[in-house]
Asks: 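Dropping the structure in here first, questions after.
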There are 4 protein chains.
Amino acid sequence: MTPPVPETTEPVRGRPRNQQTHQAILEAARSLLNREGESRFSIEQVASAAGVSKASIYRRWPTKGALLIELYMEGLPEVITVDARSLRSELKRYLLDTVERLQNPLWRSILRSLVAEGQYDPVTAELLRERVVAPRRAAGSHLLQHAVATGQIPAGLDHELILDLLFGPLWYRLLFEHAPIDNDFAERLLRQVEPLLFSGSSPPPVAASRRRR
Amino acid sequence: MTPPVPETTEPVRGRPRNQQTHQAILEAARSLLNREGESRFSIEQVASAAGVSKASIYRRWPTKGALLIELYMEGLPEVITVDARSLRSELKRYLLDTVERLQNPLWRSILRSLVAEGQYDPVTAELLRERVVAPRRAAGSHLLQHAVATGQIPAGLDHELILDLLFGPLWYRLLFEHAPIDNDFAERLLRQVEPLLFSGSSPPPVAASRRRR
Amino acid sequence: MTPPVPETTEPVRGRPRNQQTHQAILEAARSLLNREGESRFSIEQVASAAGVSKASIYRRWPTKGALLIELYMEGLPEVITVDARSLRSELKRYLLDTVERLQNPLWRSILRSLVAEGQYDPVTAELLRERVVAPRRAAGSHLLQHAVATGQIPAGLDHELILDLLFGPLWYRLLFEHAPIDNDFAERLLRQVEPLLFSGSSPPPVAASRRRR
Amino acid sequence: MTPPVPETTEPVRGRPRNQQTHQAILEAARSLLNREGESRFSIEQVASAAGVSKASIYRRWPTKGALLIELYMEGLPEVITVDARSLRSELKRYLLDTVERLQNPLWRSILRSLVAEGQYDPVTAELLRERVVAPRRAAGSHLLQHAVATGQIPAGLDHELILDLLFGPLWYRLLFEHAPIDNDFAERLLRQVEPLLFSGSSPPPVAASRRRR
DNA sequence: TGATAATCGAGACGGTACGTCCGGTCTTGAC
DNA sequence: GTCAAGACCGGACGTACCGTCTCGATTATCA
């Protein structure tokens with residue numbers, strides 16, 4: 001998706017792909033996923049709901065997982081502009097955004113289907129790591145490094161583990177639904193994780209965070 | 001789970017279930033799951049591998065998920081004796097045990113299949129919550145409450161969230177395999193979460209984290 | 001059924017068969033067959049409808065066909081008293097009796113199920129010939145022979161073929177239902193077959209038959 | 001049946017059916033039926049013997065009965081050219097042809113399976129009447145009418161009943177196998193039925209049988 | 001009074017078949 | 001080369017019956 005190099009628009013031989021077909025497929029897939037949990041998400045149903053041949057789907061996406069990933073990407077902001085100046089506010093912003101997206105049944109359905117698919121299909125599993133898990137972790141990692149560089153947090157923290165603590169609970173609640181994913185959850189999650197970041201040996205920089213409340 | 005009281009053991013009408021059949025099914029299921037990720041886990045294959053009719057499986061487990069849950073339960077210690085005297089050592093023990101179990105491909109396969117199944121089948125989802133998620137959370141919750149009562153940790157901690165922080169990362173790594181689940185992970189997880197519990201240096205813990213409330 | 005030799009009532013060891021069970025099975029079978037054509041006639045359903053175990057059925061009747069035959073026999077008069085004095089009146093009586101029985105859905109259902117079963121199961125096929133087809137043909141044959149002896153019909157007629165002409169059309173209409181089996185049918189059948197019998201070289205004995213109309 | 005007019009041959013959408021698959025199914029079905037009476041005729045076995053998926057069979061024939069009917073039709077001459085000039089010779093030709101076909105175990109097997117199936121499945125029953133029973137009766141009826149028109153047989157005969165007398169005995173012997181269906185049978189059947197048609201010695205037939213009406 | 005034995009209901013058991021759904025691939029004619 | 005349509009094989013689904021079997025309980029005859 002969104003290749004960095006513009007790839008010299010290779011001259012496209014034969015009939016060009018119909019953009020309407022493309023959209024119809026995505027639209028149908030979305031509407032099927034919206035009927036959350038109501039039976040398995042199948043290519044067959046997408047095709048018939050979109051009035052499209054199965055081949056037209058497989059031509060575009062080699063795998064159910066790939067289609068799901070595309071739907072997932074669509075729901076994300078084009079560019080993730082990270083204001084790395086304040087770690088605290090960035091974390092908060094990220095969590096609240098995520099929580100908001102996860103209120104949407106479609107979004108939840110996409111992610112849950114992706115995880116389900118990924119447990120059996122290694123290709124989807126790889127996509128899931130590459131496109132969903134890794135980028136988020138990379139962004140988080142970058143944020144933490146920058147915060148170290150700017151003295152917001154001490155060096156020597158276990159960044160990997162901190163990212164697990166941030167993302168783990170979100171997936172946990174998404175997949176098992178033992179408890180809601182809402183703003184309250186986001187705030188309590190932050191409140192738990194923050195002390196791990198700003199608990200420097202010397203007086204922790206509590207001031208800034210307080211002002212923001 | 002499996003109530004200790006025999007509940008008036010109703011008089012066994014009809015031909016009793018064959019324990020060998022029962023074991024053959026479980027055995028076959030285990031061996032199929034062991035060939036991790038290699039195609040979907042299907043009742044059909046379990047039946048044929050066990051030399052058993054499909055009906056004999058459906059007679060015992062109404063659902064693929066129910067069978068998986070049984071396999072999951074088998075791998076657990078009958079009674080979870082929690083030595084609640086020391087929260088710190090109990091947490092460590094629990095995490096190391098869990099990590100060890102998760103080294104086993106079969107165990108991982110069972111849990112991953114369960115999650116996958118649970119994303120589509122509401123019955124399995126419910127089983128998953130009831131038999132897998134809830135008991136663990138209950139035990140953890142009990143542990144924390146006892147630790148409060150014995151003054152090991154301050155009152156007023158956000159137990160729910162702490163449990164999310166403990167279990168979330170485990171599932172996160174299990175399902176996405178972006179990083180290993182090993183003793184090192186367990187120790188680092190503990191090292192991160194402990195300060196949230198034992199925040200103050202000496203017994204009665206009052207700290208920055210509490211002030212923030 | 002009804003063995004000619006009384007067979008010395010062998011001493012019956014063990015618990016005797018329950019006559020109520022016996023009747024319950026037959027009753028249930030009848031009621032299932034009465035719901036004509038509504039799904040296959042299965043031992044399983046008979047057992048459950050009769051509140052009886054399948055074993056109790058198989059103990060009495062080795063085969064679905066055997067059970068059906070028993071139901072068939074039940075619908076017949078104990079003794080078939082043939083008044084062989086007048087072939088003409090006997091034929092008429094037989095046909096009208098048969099037609100009347102075939103008005104009964106249960107009776108039709110039994111015979112149709114028997115034929116269906118007999119096409120696949122050689123044991124039922126044999127039963128069908130022995131118990132249903134052969135006795136009727138034997139009676140008819142006997143009747144014809146007596147009529148020859150008493151000079152009612154000429155010698156040298158093709159008895160076998162005449163029996164085929166009498167019974168064939170009945171089964172034909174029963175199995176394909178292209179036309180009803182009613183009194184009109186019986187009378188027209190008789191009217192066609194009679195000339196084949198009473199078409200002696202010399203004036204046929206028309207008088208008697210006319211008076212009966 | 002298979003109307004001569006091509007009925008605007010709708011433009012064949014999608015991948016056309018594979019004629020080899022089609023033939024493989026019919027071939028497998030035939031070979032299974034040839035192993036006469038050896039177990040029930042099942043779609044499952046046809047599929048596996050033909051190396052074809054069950055779906056490919058159900059796509060073509062909605063019902064076991066429909067497949068059997070197709071096999072039945074295949075064994076018939078495309079067009080039934082009836083030389084109506086001589087009723088006597090036509091009847092003889094028809095009966096001898098039929099008898100010859102019924103010597104073939106496959107043919108017998110098809111018809112017997114069809115009858116069995118038709119006793120339980122109303123759809124097959126209807127097909128059986130429409131495709132097997134009715135056309136033959138229609139042809140016979142037409143023959144008789146023509147014979148009346150050309151003065152070969154008297155008007156006023158009971159055509160329906162005569163057809164029952166011709167076809168009934170054939171089915172009767174086919175289904176119960178109490179006696180063979182051979183040329184001798186055909187000839188004796190004819191010999192019995194003919195007098196009913198050509199009752200008078202010379203052309204314009206008026207006879208005892210007519211007076212009885 | 002027991003021992004023996006066939007019955008009873010319930011229901012488990014391995015099989016076979018049912019008819020449907022989906023996965024991914026392939027094959028048409030039309031564009 | 002794409003498109004819709006839809007055929008194709010394979011595999012799984014969950015259900016229904018088949019005829020046999022194995023239980024504990026019951027009910028008779030024989031010793």
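This one's a predicted model, so the numbers in the text were calculated from it and none came from an experiment. By convention in this document, chain letters (A, B, ...) are assigned in the order of the sequence lines, proteins followed by strands, and residues within each chain are numbered from 1.
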Asks: Quick one: which of F/dC9, E/dG23, E/dA10 gets closest to the side chain of D/Ser53?
Replies: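 My answer, after comparing the listed nucleotides, is F/dC9.
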
Asks: Would you indicate which nucleotide in F/dT22, F/dG19, F/dC3 comes nearest to any side-chain atom of C/Tyr58?
Replies: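 Ranking F/dT22, F/dG19, F/dC3 by closest atom to the C/Tyr58 side chain puts F/dG19 first.
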
Asks: Using OP1 and OP2 only, check whether a side-chain N or O of D/Arg40 sits under 4.0 Å from E/dG15.
Replies: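 No.
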
Asks: Strictly below 4.0 Å: does D/Arg17 bring a side-chain N or O up to OP1 or OP2 of F/dA7?
Replies: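 For D/Arg17, the contact criterion (side-chain N or O under 4.0 Å from OP1 or OP2 of F/dA7) is met.
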
Asks: Both C/Phe41 and B/Pro62 contact DNA chain F. Which one's nearest nucleotide lies toward the 5' end?
Replies: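 Of the two residues, B/Pro62 wins.
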
Asks: Could you say whether A/Glu44 or D/Lys54 is positioned toward the 5' end of DNA chain E, judged by the nucleotide with the nearest heavy atom to each?
Replies: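 Here D/Lys54 is the residue nearer the 5' end.
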
Asks: Once you round it to whole Å, what is the distance between P of E/dT27 and CD of D/Gln19?
Replies: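 Going from D/Gln19 (CD) to E/dT27 (P), I get 16 Å.
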
Asks: Please compare C/Ser56 and B/Ala50 by the position of their nearest nucleotide in DNA chain E and report the one closer to 5'.
Replies: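 Of the two residues, C/Ser56 wins.
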
Asks: Nearest whole angstrom, please: distance from the P of E/dT25 to the CD1 of A/Ile57.
Replies: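 Going from A/Ile57 (CD1) to E/dT25 (P), I get 13 Å.
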
Asks: Could you check B/Arg17 against B/His22 for side-chain hydrogen bond (donor to acceptor under 3.5 Å, both in side chains), going step by step and ending with a plain yes or no?
Replies: CA-CA 8 Å; B/Arg17 301 246 172 103; B/His22 201 92; 6.0 Å; no

Asks: A/Gln20 has an atom CD; how far is it from atom P of F/dA4, in whole Å?
Replies: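 Computing the A/Gln20:CD to F/dA4:P distance gives 10 Å.
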
Asks: Report the C-alpha distance between A/Glu70 and A/Arg60 in whole Å, list the side-chain angles of each, state the deciding distance to 0.1 Å, and finish with yes or no for salt bridge (charged side-chain N to carboxylate O under 4.0 Å, His left out).
Replies: CA-CA 10 Å; A/Glu70 170 117 10; A/Arg60 292 171 166 80; over 6 Å; no

Asks: Check the phosphate of E/dA6 against C/Arg60, side-chain N and O only, distance under 4.0 Å to OP1 or OP2. Yes or no?
Replies: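 Answer is no, no contact under 4.0 Å.
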
Asks: Grab the CD1-P distance between D/Ile43 and F/dC9 for me, whole Å please.
Replies: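 Spelled out: CD1 on D/Ile43 to P on F/dC9 is 14 Å.
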
Asks: Starting at atom CH2 of D/Trp61, determine the distance to atom P of E/dG19, rounded to an integer number of angstrom.
Replies: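 These atoms are roughly 15 Å apart.
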
Asks: Give one of base, sugar-phosphate or nothing for C/Lys64, where a contact means two heavy atoms less than 4.0 Å apart.
Replies: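 Answer is sugar-phosphate: C/Lys64 comes under 4.0 Å of backbone atoms only.
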
Asks: Compare the minimum distances between each of F/dC8, E/dG23, F/dC23 and the side chain of D/Asn18, then state the nucleotide with the smallest one.
Replies: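 So the nucleotide nearest the side chain must be F/dC8.
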
Asks: Any side-chain N or O of B/Arg59 less than 4.0 Å from the OP1 or OP2 oxygen of E/dA12?
Replies: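 Yes, B/Arg59 has a side-chain N/O under 4.0 Å of OP1/OP2 on E/dA12.
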
Asks: Between D/Thr21 and F/dC8, is there a side-chain N or O to OP1/OP2 distance below 4.0 Å?
Replies: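 Yes, within the criterion.
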
Asks: Could you check whether B/Ala47 gets within reach of a base, just the sugar-phosphate, or nothing at all, counting any heavy atom under 4.0 Å?
Replies: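 Touches nothing.
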
Asks: State whether the number of non-hydrogen atoms from other residues, nucleotides or ligands found under 6.0 Å of D/Gln20 atom CD is greater than 12.
Replies: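 Open.
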
Asks: Does any non-hydrogen side-chain atom of A/Ser109 lie less than 4.5 Å from one of A/Asn34?
Replies: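 A/Asn34 vs A/Ser109: side chains apart.
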
Asks: How many whole angstroms separate atom NE2 of A/His22 from atom P of F/dC3?
Replies: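 Interatomic distance, NE2 of A/His22 to P of F/dC3: 10 Å.
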
Asks: Is there a donor-acceptor pair closer than 3.5 Å between any side-chain N or O of C/Arg30 and the backbone N or O of C/Leu71?
Replies: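 No.
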
Asks: Taking 4.0 Å as the cut-off, does a side-chain nitrogen or oxygen of B/Gln45 come that near to OP1 or OP2 on F/dA12?
Replies: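 The answer is yes; a side-chain N or O of B/Gln45 sits under 4.0 Å from OP1 or OP2.
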
Asks: Atom CD1 of B/Ile25 and atom P of E/dA12: how far apart are they, to the nearest Å?
Replies: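 It is 12 Å, rounded to the nearest whole Å.
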
Asks: Does C/Arg13 place a side-chain N or O at less than 4.0 Å from the phosphate oxygens OP1/OP2 of E/dA5?
Replies: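 Answer is yes, contact under 4.0 Å.
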
Asks: Do the side chain of D/Arg15 and the base of E/dT27 come within less than 3.5 angstrom through a donor-acceptor pair of N or O atoms?
Replies: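 No, no donor-acceptor pair under 3.5 Å.
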
Asks: For D/Leu67 and E/dG19, what is the distance between atoms CG and C1' respectively, to the nearest whole Å?
Replies: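 Checked: the CG to C1' distance equals 15 Å.
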
Asks: Look at the side chain of C/Gln119 and the backbone N and O of C/Val115, then say whether any donor-acceptor pair between them is shorter than 3.5 Å.
Replies: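 Yes, C/Gln119 side chain to C/Val115 backbone: donor-acceptor pair under 3.5 Å.
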
